[in-house]
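Right, one structure below, let's go through it.
Worth saying up front: this structure is predicted, and the values here are computed from it rather than measured. Labels below follow one simple rule: chain letters A, B, ... track the order of the sequence lines, proteins then strands, and each chain is numbered from 1.
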Amino acid sequence: MAAKRRFQTVKGMHDLGGWMSLAFAFVEGKAREVFSLYGYDEVRTPIVEETELFVRGVGEGSEIVGKQMYTFDDKKGRSLTLRPEGTAPIARAYLQNDWPSSGPQPVKVFYMGPYFRYERPQEGRYRQFHQIGAELIGDPGPYSDVELLVMLLRFLEELGFEDLEVGLNSVGDPECRRRYSQRLREFLEPYRDELGADSRRRLETNPLRILDTKAPRERELLEGAPRLRDELGDPARDHFQVVCDELDRFGVDFEIDDGLVRGLDYYTRTVFEITSTALGAQNAILGGGRYDGLIAELGGPSVPGIGFAIGQDRLVDLVLKIPGARKRLNAEDHRRRPVCVIPIGGSYRRHGLVLAQELRAAGIPAICEFDSLRPLKARLKQAARYDCRWVVLFGEDEEKSGEVVLRDFSDRTQETIPRDGFAAAVAAKIRPDEQP
RNA sequence: GUGGGUGUAGCUCAACCGGUAGAGCGCUUGAUUGUGGUUCAAGUGGUUGGGGGUUCAAGUCCCCUCACCCACCCCA
């Protein structure tokens with residue numbers, strides 16, 4: 001009775017294959033390489049956490065906690081949530097595993113993996129998306145901010161990006177924010193009627209978030225608004241000054257963006273974002289900042305931290321748009337299969353298996369086309385589809401003469417070589433060609 | 001959550017004002033027996049996303065539903 005049904009991925013979640021998976025692996029490899037250079041270690045935290053972790057960590061008032069979490073009860077009635085972001089789990093791990101006393105200070109870690117947010121999908125925004133992030137926990141000073149940013153930019157450079165827009169701001173300490181929120185509220189109150197419904201609500205709950213509105217009328221109004229930066233207390237102001245000065249000294253091209261306030265409640269002081277105009281509406285490829293109060297909020301000691309999260313899906317989109325990207329990815333593709341072994345005749349299939357094994361033992365990626373009942377023609381076509389450059393043929397004739405046929409697809413030539421030690425001979429032919 | 005757009009063969013798309021579905025690519029086989037990427041020939045392909053309605057007749061009109069895409073929102 002069951003009607004034929006075509007299963008497909010859940011809304012907003014996708015299979016990643018072909019160029020996508022290549023680019024994903026490429027980006028991940030570069031992240032490991034570069035972040036390791038800066039002394040960061042990789043960690044992997046569970047994909048599911050206690051719901052309360054995110055409520056406390058990300059903030060009850062945030063959009064994420066408010067309406068975007070995949071939350072469910074397990075069989076014992078515990079409320080669990082698919083992680084919507086990476087920093088709170090890292091903070092949890094920091095406390096749970098007592099990283100402060102089990103390793104060097106400050107703690108430097110990076111991570112990558114899938115994250116989940118229940119939103120309406122669109123370009124660059126998916127329900128399962130992927131982030132690559134790093135966190136530096138335990139140093140309050142501005143030099144850590146600078147180093148983290150320099151590392152980040154180094155990573156992006158290695159990927160082949162030249163001119164990305166780096167936005168920087170300081171959202172100050174909690175006291176500065178409270179003070180400023182009050183001032184902003186007073187400033188906007190007279191224009192209440194000109195604000196959109198969202199902004200009006202934020203006037204009560206979180207006036208800061210009004211700053212990054214896209215509504216033209218609201219942007220106009222904000223032109224004359226007091227600036228958060230002018231409201232910073234001395235410590236926050238000095239901190240930000242050092243960050244800016246040092247970034248200048250490193251030749252980092254950034255822009256101070258007064259409207260840059262991040263959507264997660266835990267941010268303090270330095271916040272940043274890197275955007276690209278090549279991305280469409282979802283133009284932020286990464287964001288981050290300092291979160292000096294987060295660890296304490298989760299019940300730990302008062303320990304400062306700073307980190308960032310890169311939208312891997314968006315990053316990969318951009319990587320694939322870089323001229324020559326595909327060629328570069330192919331060059332780093334470990335999955336290439338240069339040789340295809342084709343045994344001719346049903347009784348030679350087991351020889352195919354053995355020949356292919358010998359090639360692999362010699363370090364040559366090889367596949368075997370076992371379907372010996374099809375015409376040789378069709379099987380050669382398969383070899384071509386696998387992108388193989390070489391084909392090894394072995395059948396009755398070869399067995400008699402103790403040879404194998406090695407065919408080169410690139411120039412349609414072929415030769416016979418002795419069966420014994422053929423893998424070494426093939427390797428010798430291929431290797432020079434393999435070197436870039 | 002709110003808008004707008006789109007669903008026809010594995011893929012990209014076509015079908016005038018309703019008349020009962022077509023092309024390219026792909027795939028399979030062949031052009032003498034064991035040789036690919038070109039060419040030629042034949043073949044394979046679809047309950048037009050699903051359900052209901054109007055009509056003599058629906059891919060085409062109406063309603064519902066589902067899915068995908070884009071934007072708002074939000075963020076990575």
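Classification of the A/Phe35-A/Phe155 ring pair by plane angle, with boundaries at 30° and 60°, yields tilted.
The nearest whole Å value for the distance from the NZ atom in A/Lys377 to the P atom in B/rU28 is 12 Å. Whole-Å rounding puts the A/Lys400 NZ to B/rG34 P distance at 14 Å. For A/Leu380 and B/rU29, the CG to P distance is 12 Å, given to the nearest whole Å. Note: CZ (A/Arg117) to C1' (B/rG1) measures 17 Å, nearest angstrom. Protein atom CD of A/Glu119 is 13 Å distant from nucleotide atom P of B/rC73, rounded to whole Å. The interatomic distance linking A/Lys67 (NZ) with B/rC73 (C1') rounds to 7 Å, in whole Å. To the nearest angstrom, C1' of B/rG36 lies 13 Å from CG of A/Asp387. As a whole-Å value, the separation of A/Glu396 CD from B/rU33 P is 16 Å.
In this structure, a donor-acceptor pair under 3.5 Å is present between the side chains of A/Thr81 and A/Thr71. Between the side chains of A/Glu135 and A/Tyr111, at least one donor-acceptor pair of N or O atoms lies under 3.5 Å.
Of all nucleotides present, none satisfies the Watson-Crick or G-U wobble test against B/rC17 with each distance under 3.5 Å. Using N1 to N3 plus N6-O4 or O6-N4 for Watson-Crick, or N1-O2 and O6-N3 for G-U wobble, each under 3.5 Å, B/rA23 pairs with B/rU12. Pair check for B/rC72 finds B/rG1; Watson-Crick or G-U wobble, both atom distances under 3.5 Å. When Watson-Crick and G-U wobble pairs are counted only if both distances are under 3.5 Å, B/rU39 pairs with B/rA31. With both pairing distances under 3.5 Å, B/rA67 is matched to B/rU6 as a Watson-Crick or G-U wobble pair. The base-pairing partner of B/rG46, taking Watson-Crick or G-U wobble contacts with both distances under 3.5 Å, does not exist among the strands shown.
When distances are taken from the side chain of A/Arg374 to each of B/rU29, B/rA71, B/rG36, the shortest belongs to B/rU29. Distance from the side chain of A/Pro375 is smallest for B/rU29 among the nucleotides B/rG34, B/rU29, B/rC68. For A/Glu123, counting side-chain heavy atoms from C-beta on, the closest listed nucleotide (B/rA71, B/rC69, B/rG37) is B/rA71. Considering only side-chain atoms of A/Gln8, the nucleotide from B/rA67, B/rG34, B/rC72 that sits closest is B/rA67.
Remark on RNA chain B: of its neighbouring residues A/Ile285 and A/Asp408, the 5'-side contact belongs to A/Asp408, judged by nearest-heavy-atom nucleotide. Each of A/Gly12 and A/Arg314 has a nearest nucleotide on RNA chain B; the 5'-most of these lies closest to A/Gly12.
The residue A/Glu398 sits close to a base: some heavy atom pair falls under 4.0 Å. Looking at heavy-atom distances under 4.0 Å, A/Gln414 makes contact with a base. At the heavy-atom level, A/Leu393 lies under 4.0 Å from base atoms of the strands shown. Residue A/Gly133 is out of contact with every strand shown, counting any heavy-atom pair closer than 4.0 Å. Across all strands shown, A/Leu376 has heavy atoms under 4.0 Å from base atoms, whether or not it also approaches the sugar-phosphate. Heavy atoms of A/Tyr126 sit under 4.0 angstrom from at least one base atom. Within the 4.0 angstrom heavy-atom criterion, no nucleotide atom of any strand lies near A/Asp313. Across all strands, A/Gln382 comes closer than 4.0 Å only to sugar-phosphate atoms, never to a base (heavy-atom distances). Residue-level contact check: A/Ala383 touches neither bases nor backbone, having no heavy atom under 4.0 Å from any strand.
Not a single donor-acceptor pair, N or O on each side, falls under 3.5 Å between the base of B/rG1 and the side chain of A/Arg120. One donor-acceptor pair, N or O on each side, does fall under 3.5 Å between the base of B/rC73 and the side chain of A/Gln122. Residue A/Arg125 places no side-chain atom within donor-acceptor reach of the base of B/rC70, judged by atom type and a 3.5 Å distance cut-off alone. Between the base of B/rG1 and the side chain of A/Gln68 there is no donor-acceptor pair shorter than 3.5 Å. Taking only distance into account, the side chain of A/Arg407 meets the base of B/rG36 through a donor-acceptor pair shorter than 3.5 Å.
By the 6.0 Å and 45° rule, A/Arg83 stacks over the aromatic ring of A/Tyr115. Both tests hold for A/Arg326 against A/Trp19: distance to the six-membered ring centre under 6.0 Å, angle to the ring axis within 45°. For the pair A/Arg127 and A/Tyr118, the distance from NZ or CZ to the six-membered ring centre is under 6.0 Å and the angle to the ring normal is within 45 degrees.
Between the C1' atoms of B/rA23 and B/rA9, the separation comes to 11 Å (whole Å). For B/rU2 and B/rG22, the P atoms lie 41 Å apart once the distance is rounded to whole Å. Here, B/rU32 and B/rG37 have their C1' atoms 23 Å apart, quoted to the whole Å. Between B/rG50 and B/rC11, the distance separating the two P atoms is 14 Å to the nearest Å. Nucleotides B/rU54 and B/rA14 place their P atoms 31 Å apart, quoted to the nearest Å. Separation of the C1' atoms belonging to B/rU44 and B/rG24 is 16 Å when rounded to the nearest angstrom. Nucleotides B/rU60 and B/rU8 have their C1' atoms positioned 11 Å apart, rounded to a whole Å. Nucleotides B/rG51 and B/rC66, compared at atom P, are 15 Å apart to the nearest Å.
Within the 6.0 Å centre-distance limit, the rings of A/His14 and A/Tyr126 are counted as a close aromatic pair.
Here the side chain of A/Ser62 pairs a donor or acceptor atom with the backbone of A/Gly59 at under 3.5 angstrom.
Distance check: A/Glu255 CD to A/Leu168 CG gives 10.5 Å after rounding to the nearest 0.5 Å.
Considering only side-chain N and O atoms, A/His14 lies nowhere under 4.0 angstrom from the phosphate OP1 or OP2 of B/rA67. Side-chain N/O atoms of A/Arg379 include none lying less than 4.0 angstrom from OP1 or OP2 on B/rG34. The shortest distance between the side-chain N/O atoms of A/Lys11 and the OP1/OP2 oxygens of B/rC68 is below 4.0 Å.
With centroids closer than 5.5 Å and planes inclined by less than 30 degrees as the test, A/Phe409 and the base of B/rG37 fail to qualify as a stacked pair.
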